[in-house]
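The basis for the numbers below is simple: all heavy atoms, side chains too, and nothing from hydrogens, waters or symmetry mates.
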Amino acid sequence: ERDMQEFIRHIRYARPEDNSFLGLGLGTAQIVDVYETLYLSMFTWGYVKEMDKLEKGQVLEMVDMVLANRIIPQMDGFDHMKLSNFYAGICADKSFDGLKKSKRELGKYIY
């Protein structure tokens with residue numbers, strides 16, 4: 001969950017001194033939607049009964065899928081230079097290495 005929160009923070013807020021923060025007007029409803037989709041996915045995939053047995057990689061895979069499907073499409077049409085800088089920043093940040101699908105989907109808006 002911490003990886004997801006940090007990724008959303010990088011998308012939602014802007015920092016002039018750090019290009020890896022995008023500043024997209026992502027609202028609370030979209031963030032709640034991400035959490036709802038994540039928990040519904042956990043239920044659908046049968047992980048709810050085994051929450052204590054989940055490994056970080058399994059959760060990160062679900063988080064990545066939800067971000068790629070619910071948040072990344074909202075970046076379509078955003079300022080290309082800011083999006084390119086954001087993409088370079090998150091690709092360089094090792095803490096986002098597990099978000100492969102999200103970065104791949106984001107790359108489609110860059111190239």
Side-chain angles (χ1 to χ4, degrees):
E1 182 183 22
R2 191 176 12 207
D3 294 337
M4 181 174 70
Q5 288 174 342
E6 191 59 31
F7 191 71
I8 290 173
R9 199 172 286 124
H10 276 255
I11 294 169
R12 190 176 193 191
Y13 300 107
R15 291 188 182 164
E17 72 282 356
D18 188 347
N19 286 336
S20 72
F21 283 80
L22 186 59
L24 179 67
L26 195 63
T28 303
Q30 289 90 349
I31 295 169
V32 169
D33 184 46
V34 166
Y35 276 97
E36 286 176 345
T37 304
L38 177 63
Y39 292 127
L40 286 172
S41 297
M42 293 174 112
F43 180 77
T44 303
W45 293 357
Y47 289 135
V48 172
K49 295 177 185 174
E50 303 173 353
M51 291 289 276
D52 57 332
K53 298 177 185 174
L54 281 175
E55 295 180 20
K56 182 178 179 178
Q58 293 172 301
V59 175
L60 191 56
E61 181 183 336
M62 287 184 277
V63 165
D64 189 25
M65 182 264 315
V66 170
L67 290 171
N69 291 327
R70 308 300 278 172
I71 298 296
I72 301 300
Q74 296 182 42
M75 296 180 189
D76 188 20
F78 197 74
D79 180 88
H80 189 266
M81 284 301 292
K82 287 183 181 181
L83 206 54
S84 295
N85 290 334
F86 169 72
Y87 181 71
I90 63 162
C91 286
D93 189 335
K94 298 293 181 200
S95 64
F96 298 127
D97 281 353
L99 301 176
K100 291 173 177 44
K101 184 175 182 181
S102 295
K103 290 192 283 188
R104 186 173 53 247
E105 291 300 312
L106 179 57
K108 292 177 182 178
Y109 298 118
I110 309 289
Y111 304 106

Which residues share a side chain to side chain contact (heavy atoms under 4.5 Å, CB included) with Ser95, sequence neighbours left out: Asp93
Heavy atoms from other residues, nucleotides or ligands near OH of Tyr35 exceed 12 (cutoff 6.0 Å): yes
Separation of Leu26 CG from Tyr13 OH (nearest 0.5 Å): 9.0 Å
Expected output: side-chain His10 to main-chain Ile90 donor-acceptor under 3.5 Å: no
Any Met75 side-chain heavy atom under 4.5 Å of Phe86 side chain: yes
Ring-ring centroid check Phe96 Phe7, cutoff 6.0 Å: yes
Transitive ILVMFWY side-chain link Phe21 to Ile8, under 4.5 Å: no
Atom pair CD1/CG of Ile110 and Leu83 - distance to nearest 0.5 Å: 4.0 Å
Sequence-distant partners of Leu40, side chain to side chain contact (heavy atoms under 4.5 Å, CB included), two or more places apart: none
Heavy-atom pair with the smallest gap, counting every atom of Gln30 and Ile71: O-CD1, 4.2 Å
Pro73 versus Ala68, closest heavy-atom pair with distance: CD-O, 3.3 Å
Pairs involving residues 29-38, ordered by first then second residue, that meet salt bridge (charged side-chain N to carboxylate O under 4.0 Å, His left out) (sequence neighbours left out): Asp33-Arg70
Residues which pass side chain to side chain contact (heavy atoms under 4.5 Å, CB included) with Lys82, listed by chain and number, not counting sequence neighbours: Leu22, Phe78, Asp79
Approximate separation, where rounding is to 0.5 Å, of Tyr111 OH and Tyr87 OH: 5.5 Å
Residue pair Arg12 / Ile31, side-chain heavy-atom distance below 4.5 Å: yes
CG on Leu67 to OG1 on Thr37, rounded to 0.5 Å: 10.0 Å
Under 3.5 Å: donor-acceptor pair, side chain of Asp64, backbone of Leu60: no
Listed partners of Arg15 passing salt bridge (Lys or Arg N to Asp or Glu O under 4.0 Å), at least two apart: none
Closest contact, heavy atoms only, Gly89 versus Ser20: CA-CB, 3.7 Å
Which atom of Cys91 lies closest to which atom of Lys103, heavy atoms considered: SG-CD, 3.9 Å
Reported NZ-to-CD1 distance for the pair Lys101 and Ile72, which is rounded to 0.5 angstrom: 11.0 Å
Met4 side chain reached by Leu38 side chain, heavy atoms, under 4.5 Å: yes
Donor-acceptor contact below 3.5 Å, side chain Glu105 vs main chain Ser102: no
Test side chain to side chain contact (heavy atoms under 4.5 Å, CB included) applied to Asn19 - qualifying residues, sequence neighbours left out: Asn85
